[in-house]
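By convention in this document, chain letters (A, B, ...) are assigned in the order of the sequence lines, proteins followed by strands, and residues within each chain are numbered from 1.
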Amino acid sequence: MKLVIAIIKPFKLDAVRDALVGIGVHGMTITEVKGYGRQKGHTEIYRGAEYAVNFLPKIRIEVAVTAEEADNVVETIGSAAKTGQIGDGKIFVVPIDHTIRIRTGETDADAL
Amino acid sequence: MKLVIAIIKPFKLDAVRDALVGIGVHGMTITEVKGYGRQKGHTEIYRGAEYAVNFLPKIRIEVAVTAEEADNVVETIGSAAKTGQIGDGKIFVVPIDHTIRIRTGETDADAL
Amino acid sequence: MKLVIAIIKPFKLDAVRDALVGIGVHGMTITEVKGYGRQKGHTEIYRGAEYAVNFLPKIRIEVAVTAEEADNVVETIGSAAKTGQIGDGKIFVVPIDHTIRIRTGETDADAL
Amino acid sequence: MSVAKLARATIIAGALTLLVGAPAIAQPAARPASTISSADTAWMIAATALVLMMSIPGLALFYAGMVRKKNVLATMAQTLAVTALCSVLWAAVGYTLAFTGHAPLLGSFQRLLLIGLGMNSISPFAKTIPEALFMMYEMTFAVITVALVAGSVADRMRFSAFMWFAALWLVIVYVPIAHWVWGGGFLARAGVLDFAGGTVVHLNAGVAGLVAASMIGPRHGYGSDNFAPYDLSLAVIGTGMLWVGWFGFNGGSALAADSRAVFAIVATHLAASAGAVTWMALEWWTRGKPSVLGMISGAVAGLGTITPASGFVLPWQGIIIGLIAGLVCFWSCTWLKLACGYDDSLDVFGVHGIGGATGTLLVGVFAVRAVGGTAGLMEGNSVQLLIQLYGVVVTMAWSAMATFVLLKAISAFVPLRVDKQSEIEGLDVTQHGEALQ
Amino acid sequence: MSVAKLARATIIAGALTLLVGAPAIAQPAARPASTISSADTAWMIAATALVLMMSIPGLALFYAGMVRKKNVLATMAQTLAVTALCSVLWAAVGYTLAFTGHAPLLGSFQRLLLIGLGMNSISPFAKTIPEALFMMYEMTFAVITVALVAGSVADRMRFSAFMWFAALWLVIVYVPIAHWVWGGGFLARAGVLDFAGGTVVHLNAGVAGLVAASMIGPRHGYGSDNFAPYDLSLAVIGTGMLWVGWFGFNGGSALAADSRAVFAIVATHLAASAGAVTWMALEWWTRGKPSVLGMISGAVAGLGTITPASGFVLPWQGIIIGLIAGLVCFWSCTWLKLACGYDDSLDVFGVHGIGGATGTLLVGVFAVRAVGGTAGLMEGNSVQLLIQLYGVVVTMAWSAMATFVLLKAISAFVPLRVDKQSEIEGLDVTQHGEALQ
Amino acid sequence: MSVAKLARATIIAGALTLLVGAPAIAQPAARPASTISSADTAWMIAATALVLMMSIPGLALFYAGMVRKKNVLATMAQTLAVTALCSVLWAAVGYTLAFTGHAPLLGSFQRLLLIGLGMNSISPFAKTIPEALFMMYEMTFAVITVALVAGSVADRMRFSAFMWFAALWLVIVYVPIAHWVWGGGFLARAGVLDFAGGTVVHLNAGVAGLVAASMIGPRHGYGSDNFAPYDLSLAVIGTGMLWVGWFGFNGGSALAADSRAVFAIVATHLAASAGAVTWMALEWWTRGKPSVLGMISGAVAGLGTITPASGFVLPWQGIIIGLIAGLVCFWSCTWLKLACGYDDSLDVFGVHGIGGATGTLLVGVFAVRAVGGTAGLMEGNSVQLLIQLYGVVVTMAWSAMATFVLLKAISAFVPLRVDKQSEIEGLDVTQHGEALQ
Ligand SMILES: Nc1ncnc2c1ncn2[C@@H]1O[C@H](COP(=O)(O)OP(=O)(O)O)[C@@H](O)[C@H]1O
Ligand SMILES: Nc1ncnc2c1ncn2[C@@H]1O[C@H](COP(=O)(O)OP(=O)(O)O)[C@@H](O)[C@H]1O
Ligand SMILES: Nc1ncnc2c1ncn2[C@@H]1O[C@H](COP(=O)(O)OP(=O)(O)O)[C@@H](O)[C@H]1O
């Protein structure tokens with residue numbers, strides 16, 4: 001089991017979700033996060049002062065999948081989220097030891 | 001060391017926290033997230049349009065515990081968060097290599 | 001590859017970011033979270049009732065780094081985020097299997 | 001039971017009144033247009049706008065700012081919907097039953113659907129402004145009273161049940177009391193003084209809220225979960241609008257742009273100020289920190305309490321009354337509520353009920369003949385305090401009883417409360433299908 | 001094409017008017033100061049303040065509460081900037097071209113830059129208040145009309161292009177129509193009745209909005225993405241302020257503190273209430289849940305629709321007109337918009353355009369001679385309905401045509417729309433460099 | 001030092017005044033009630049409500065919308081608490097010391113605790129409205145002036161220290177200046193013109209704010225951390241309310257519903273508009289984007305600057321004054337503040353201080369005899385500019401000196417600033433025990 005964590009541009013969320021549903025992934029959890037990276041933020045004007053806003057809004061997607069599916073999921077997210085412009089984000093694949101579906105108590109692959 | 005990540009229904013937070021405290025877990029970190037899964041969202045009415053709101057509010061709990069405690073923690077969360085209805089959520093157990101308590105520099109089990 | 005996850009006090013964010021940039025880490029993702037731990041929250045007064053607010057605002061930082069850099073990053077965060085007072089937070093180091101940069105498709109160390 | 005008897009007697013008397021009141025249609029209230037004063041009209045239009053602003057957006061904000069995020073819109077919806085629904089009902093039947101005719105228990109049908117209300121019509125209750133303006137001014141009072149009740153049952157009452165309640169409560173509870181006190185009914189004849197609504201508005205809404213909250217039961221998680229307001233800044237904006245709007249509420253009750261209106265306004269403002277300072281001081285002293293919620297509670301307590309007294313007392317007495325309001329309402333919201341165990345979500349009883357009753361009694365103490373024509377205890381007229389007490393008791397009795405019966409009746413058709421799952425999910429989504437993002 | 005001919009004729013006629021109107025400068029509008037009534041002045045100052053409050057913060061909130069988080073400040077900025085810019089332009093050229101002189105198509109330059117406007121000046125259109133007050137009162141109407149249009153193109157119009165549009169549209173579209181209907185122009189002479197702006201304000205803004213929205217095209221993601229409002233509570237606050245402020249809008253259009261102002265206000269309030277109740281009922285029935293957005297839409301629909309009728313009908317007829325407004329505007333926002341496929345972001349056409357046209361026609365049906373001096377269909381004067389139709393058609397034609405030409409012209413210099421990336425990122429950051437946190 | 005001498009002289013003189021002023025109690029200000037005009041009363045009640053609305057919720061929102069999330073409620077609390085506390089103090093001692101008696105430095109104790117204020121009392125300063133209304137109207141000015149100061153020390157001043165400051169500053173700084181300029185004191189006698197508070201309100205608050213901000217020191221993180229406002233939409237709502245309320249502030253200062261009030265209002269509105277447009281243009285030009293914060297800053301700059309001039313100039317001159325206001329205040333907020341290095345959190349000095357001084361001087365330039373009875377430089381009366389300068393210098397001197405001494409004195413008992421940890425955690429939680437969710 002793998003936990004695929006992707007940081008993407010907010011406006012790509014719908015595209016990524018549709019792509020994942022397209023390959024049969026029917027569950028995910030998203031978080032509004034802020035990212036710092038090569039993409040420089042904008043400057044905000046505040047009476048008498050400018051502040052560089054370095055942290056930009058991003059969406060963090062978590063999808064738990066079986067180890068076999070992981071590559072496919074990574075690729076799917078990667079192509080759906082890509083704009084080719086700086087700030088597109090990253091994908092991390094992290095191992096999962098166990099998965100449990102709270103409602104039924106099913107575990108691992110059954111729990112997804 | 002394991003990081004137990006649980007996605008639960010928001011109104012179950014207090015119950016889960018109390019249950020964890022009950023078994024001696026005294027630290028956790030929570031995040032407001034949105035979940036997509038079998039539980040279908042509601043439809044929002046917007047002048048002249050209906051939008052299906054697919055992402056539902058959930059709470060993501062992170063608890064770092066020793067490998068031995070992990071099962072107990074998973075079970076505790078599982079039973080406290082369960083309503084038996086669709087959308088109850090998932091629990092993922094992920095391995096942790098190291099843990100550090102910032103205040104003291106203590107590591108691993110001492111850091112929890 | 002390691003994912004360093006640090007829970008810190010919100011007002012330490014700028015210090016931690018600067019320290020990380022100082023050691024050459026140029027990417028990170030942050031989330032506003034709430035923490036429960038030894039640090040007790042304050043009491044809010046609400047007409048006729050007091051509520052203990054147990055969950056305190058924290059910032060969760062995620063930094064993906066190569067396995068070699070991990071210790072240095074952990075130390076850097078640890079010393080930048082430290083106030084010595086209760087509630088300073090924790091750092092967890094979690095293994096990463098793969099990393100992908102969405103924009104270019106580069107993987108692993110190149111993707112950071 | 002005597003209460004039941006009283007109720008029966010009242011109902012029968014009400015029915016008779018309608019018959020008795022009917023012939024009054026023959027007597028037109030309209031008098032020569034020449035008595036209309038443009039200046040009084042100018043002020044009373046402004047006052048009417050101010051009182052409407054108290055409800056929307058004032059009260060909508062005040063209430064919505066004290067609930068949890070998931071109920072913000074639903075709380076606003078209650079005030080909005082009451083404003084719309086009760087305005088139409090007031091024009092249709094409320095005004096005529098409250099402010100026309102000469103019967104002691106209920107008005108006549110002379111202005112049913114506003115029939116006969118012409119450009120030159122004048123009400124005997126407000127001889128220098130168009131009757132349409134008087135009707136409209138009183139409409140804003142009816143609206144806000146019904147909207148106030150919603151605070152007690154916030155976070156859990158079903159929207160459909162609340163709509164039924166609002167419509168029926170307006171006609172069955174508000175209209176009769178308005179007639180008794182302001183429309184020449186039996187309390188007015190007994191000499192009960194209530195300048196702008198200590199009994200009719202605040203005590204009435206507070207008691208109805210208490211009854212409703214008790215019948216519907218406490219919110220899920222009451223006493224254990226954190227019910228901290230989502231966005232108190234909304235409540236602060238609302239308080240500002242209520243405060244400013246109250247100039248129209250109390251000042252407008254003079255129905256003219258004269259010194260009495262001014263006295264009412266000054267006393268009102270000073271009472272609000274003193275109430276806020278008092279509550280702030282009490283919290284600072286008992287809890288170590290003055291909360292913003294406490295300051296706005298104190299201000300509204302002062303405003304509600306001075307309401308019945310405002311046109312009868314001297315400006316500086318507003319400070320005394322505001323101070324008493326702060327003390328009494330702080331006590332009722334922090335001690336009495338906990339002691340009795342009811343869950344009056346937004347303290348409608350604790351602030352408006354207790355404040356309205358206190359203020360109505362204080363008229364009997366502080367009334368100054370030179371201001372409102374009647375003396376109180378301080379000027380040697382001790383009987384006035386008893387008359388005021390009579391007004392308070394009658395209002396409480398009718399409001400409690402009728403509200404109880406009404407809710408029982410409604411609950412036979414529509415559950416008063418949403419189901420537990422909906423309550424937890426929040427009324428915004430479950431009642432209205434929308435939510436704050 | 002006859003439209004083109006009409007346009008050409010109009011432009012030439014307009015040019016001539018200026019020449020013709022010029023001699024009128026010789027005739028001072030100012031009359032003996034003794035006709036100024038303090039009471040009317042008191043009311044009209046209050047009314048002016050109320051109408052300004054409708055724009056800022058009223059409309060700014062109403063609109064900002066219906067957009068997504070990333071566009072909240074930009075939406076407010078449009079109303080704010082329009083208020084500032086158009087106020088100055090109104091004082092400089094708008095007022096004089098709309099409300100002085102005797103030409104049928106456009107006013108004179110008698111008050112260019114407010115020259116000659118003294119302490120004792122009085123406009124022939126408002127004989128009991130200072131001319132400066134009349135100028136200012138009308139300014140608030142001009143401002144809100146331009147600001148209304150912004151709702152159609154919210155979420156995507158470039159701020160700089162919108163500023164050019166606002167300035168030019170005020171002078172080229174609003175000012176002439178105001179002159180035709182209110183300033184003694186040809187529509188006024190034809191007998192078109194529009195008490196407070198069914199044609200000049202609402203229909204005009206609605207049509208211009210529709211044209212602008214069509215030309216600029218739908219928002220990126222329209223029909224697929226979730227465009228749910230970020231913080232509807234802002235829109236509710238805005239609705240409250242619009243509603244209260246409308247007392248000044250419709251009541252103030254009587255230009256005096258008299259019974260007609262009162263009738264206008266009562267009809268206005270009842271129409272808003274009935275509109276809100278109707279929309280609520282329709283949503284409850286068709287979708288199972290009444291939304292807060294629906295209630296406020298219904299209220300504003302009622303308000304817009306009663307506007308032209310308010311000083312011509314009886315108070316209770318406001319209920320009928322509000323009910324019709326709720327039905328018609330609900331239909332236009334839910335069915336018509338989808339059927340035609342335009343993306344009028346905040347339904348300016350659906351609510352104000354359709355409502356303004358409906359209300360203007362309903363004047364021809366419901367007008368009561370005893371209220372406004374003219375009878376409608378119900379009182380046997382069927383020709384009035386045709387006259388009203390004439391007013392509606394002329395307004396629509398000029399507004400649509402001139403808006404189209406104007407936007408085409410502007411787009412030759414500044415792109416009307418932000419680029420796609422900026423639209424996705426949000427106008428707050430891209431147009432103003434700031435954002436809600 | 002001559003400043004010290006002046007201070008001593010002033011204090012002694014003040015003490016003497018009290019003695020001198022005392023006998024004045026014998027002369028009742030009350031005159032025949034027949035001089036009260038209902039129309040003026042109607043307008044002045046509305047004006048009073050408008051000015052109160054400027055503070056709550058206006059200023060509370062304006063300020064709270066510019067701070068970070070953790071300080072929103074605390075910022076609102078300052079305005080709220082000032083309103084409550086200073087209103088009571090004004091009724092008790094402020095009004096009598098500012099507006100009764102004939103001494104040049106301080107008023108009398110004739111109306112201490114409002115004693116003797118009857119239904120028929122009339123102040124010599126406002127002969128056509130009840131004295132109670134005049135007292136109340138002036139109260140709203142006192143309140144907002146004190147509340148304005150809070151903006152300079154936002155985000156870091158201890159609430160308890162601020163409460164002491166507010167109470168004492170009202171009596172020691174505001175009341176004397178109000179007496180000097182408006183209460184027949186020595187500046188009034190010298191001919192200083194200040195229609196609605198260029199010196200008394202804006203310059204005074206701005207200077208006090210600057211002194212306080214300098215003494216308390218910059219916010220932790222000033223110049224490095226991101227201090228972007230949490231929710232600018234609150235500030236926009238506040239600006240709208242300030243703008244509309246300013247009609248009461250400047251228009252009401254005519255104390256009658258007459259042409260002068262109207263002229264003041266028109267000039268005010270045009271100055272606000274021109275100020276907003278100017279600031280917008282400057283930002284667009286210097287930074288590439290016009291910010292919403294800039295627009296509202298420009299509007300408030302225009303409003304503050306026109307305040308002293310509003311009843312003395314022609315409407316169109318408001319445009320010129322607003323334009324100058326935009327230029328000068330933009331410069332002071334962006335260049336002067338950075339150059340001098342003080343941290344005036346919400347630019348009270350930059351906007352109100354500089355604006356108030358500029359406007360007071362511009363009265364000397366633009367005053368038109370036909371409007372306010374006095375001519376300025378443009379009409380050949382060059383000495384008026386010197387008189388205005390005198391008023392500015394005296395106000396600055398007293399405000400700076402007395403504020404400094406007062407804060408020093410308070411800091412001997414209560415630390416003026418919260419500790420660093422509390423500042424970082426936020427004042428909402430540390431001072432009031434509550435927070436936005
Ligand atoms: N080392 C990292 N650890 C965690 N998140 C990262 C890391 N580097 C980048 N990110 C996330 O990815 C986002 C995009 O990164 P950025 O460097 O701006 O562009 P790109 O990935 O296209 O080079 C960042 O905003 C941040 O959220
Ligand atoms: N594969 C997954 N990866 C990550 N989160 C998931 C996954 N599947 C479900 N979730 C989370 O669990 C929540 C509940 O899942 P859902 O399918 O609605 O109900 P249930 O788990 O009871 O079948 C979702 O809202 C989502 O937050
Ligand atoms: N076991 C844990 N799992 C996840 N997060 C934890 C855990 N223990 C503590 N935390 C996080 O660390 C924060 C600080 O912990 P706390 O016990 O208050 O102080 P300290 O770490 O200084 O002893 C908490 O608010 C919580 O966010």
**Q** Top residue by heavy-atom pair count (under 4.5 Å) with chain D, among F:I115, F:V88, F:L114?
**A** F:V88

**Q** Find the N and O donor-acceptor pairs between chain F and chain D that sit under 3.5 Å apart.
**A**
unit_1, atom_1, unit_2, atom_2, d
F:S87, OG, D:H269, NE2, 2.7
F:M119, O, D:S259, OG, 2.8
F:V429, O, D:K289, NZ, 3.4
F:H432, ND1, D:P290, O, 2.7
F:E434, OE2, D:V292, N, 2.2
F:E434, OE2, D:L293, N, 3.4
F:Q437, N, D:Y230, O, 3.1

**Q** Quick one: do D:F312 and D:F366 satisfy ring-ring contact (aromatic ring centres under 6.0 Å, His included)? Show the steps, please.
**A** CA-CA 8 Å; D:F312 296 109; D:F366 289 114; over 10 Å; no

**Q** Check each atom of D:M241 against the heavy atoms of chain F and say whether the ones under 4.5 Å are side chain, backbone, both or neither.
**A** both

**Q** For the atom pair CE (F:M76) and CG (F:L80), what is the distance rounded to the nearest 0.5 Å?
**A** 8.5 Å

**Q** What are the two closest heavy atoms between F:G248 and F:V51, and how far apart are they?
**A** C-CG2, 3.6 Å

**Q** Under 4.5 Å heavy-atom distance to chain D, tell me which part of F:M44 shows up: side chain, backbone, both or neither.
**A** neither

**Q** Quick check on F:M136 against chain D: is it the side chain, the backbone, both or neither that has a heavy atom closer than 4.5 Å?
**A** side chain

**Q** Nearest 0.5 Å, please: how far is CG in D:L346 from CG in D:L59?
**A** 9.0 Å

**Q** What part of D:I319 gets closer than 4.5 Å to chain F, counting heavy atoms only: side chain, backbone, both or neither?
**A** side chain

**Q** What option among F:A39, F:A132, F:A91 has the most heavy-atom pairs under 4.5 Å with chain D?
**A** F:A132

**Q** Enter the distance from D:L282:CG to D:L327:CG here, rounded to the nearest 0.5 Å.
**A** 5.5 Å

**Q** Give, for atom CD1 of D:I122 and atom CZ of D:F134, the distance between the pair rounded to the nearest 0.5 Å.
**A** 12.5 Å

**Q** So, taking the atom named CD1 in D:I56 and the one named CD1 in D:I144, what distance separates them when rounded to the nearest 0.5 Å?
**A** 10.5 Å

**Q** Ring centres under 6.0 Å, that's the criterion: do F:Y174 and F:F141 meet it?
**A** no

**Q** What part of F:L113 is in contact with chain D, defined as an atom under 4.5 angstrom from a non-hydrogen atom: side chain, backbone, both or neither?
**A** backbone

**Q** Please identify each residue that fulfils side-chain contact (heavy atoms from CB on, under 4.5 Å) with D:A370, with sequence neighbours left out.
**A** D:V368

**Q** So how far is it from F:I410 CD1 to F:W169 CH2, rounded to the nearest 0.5 Å?
**A** 12.0 Å

**Q** Given heavy-atom pairs under 4.5 angstrom as the criterion, report whether the side chain, backbone, both or neither of F:A64 touches chain D.
**A** neither

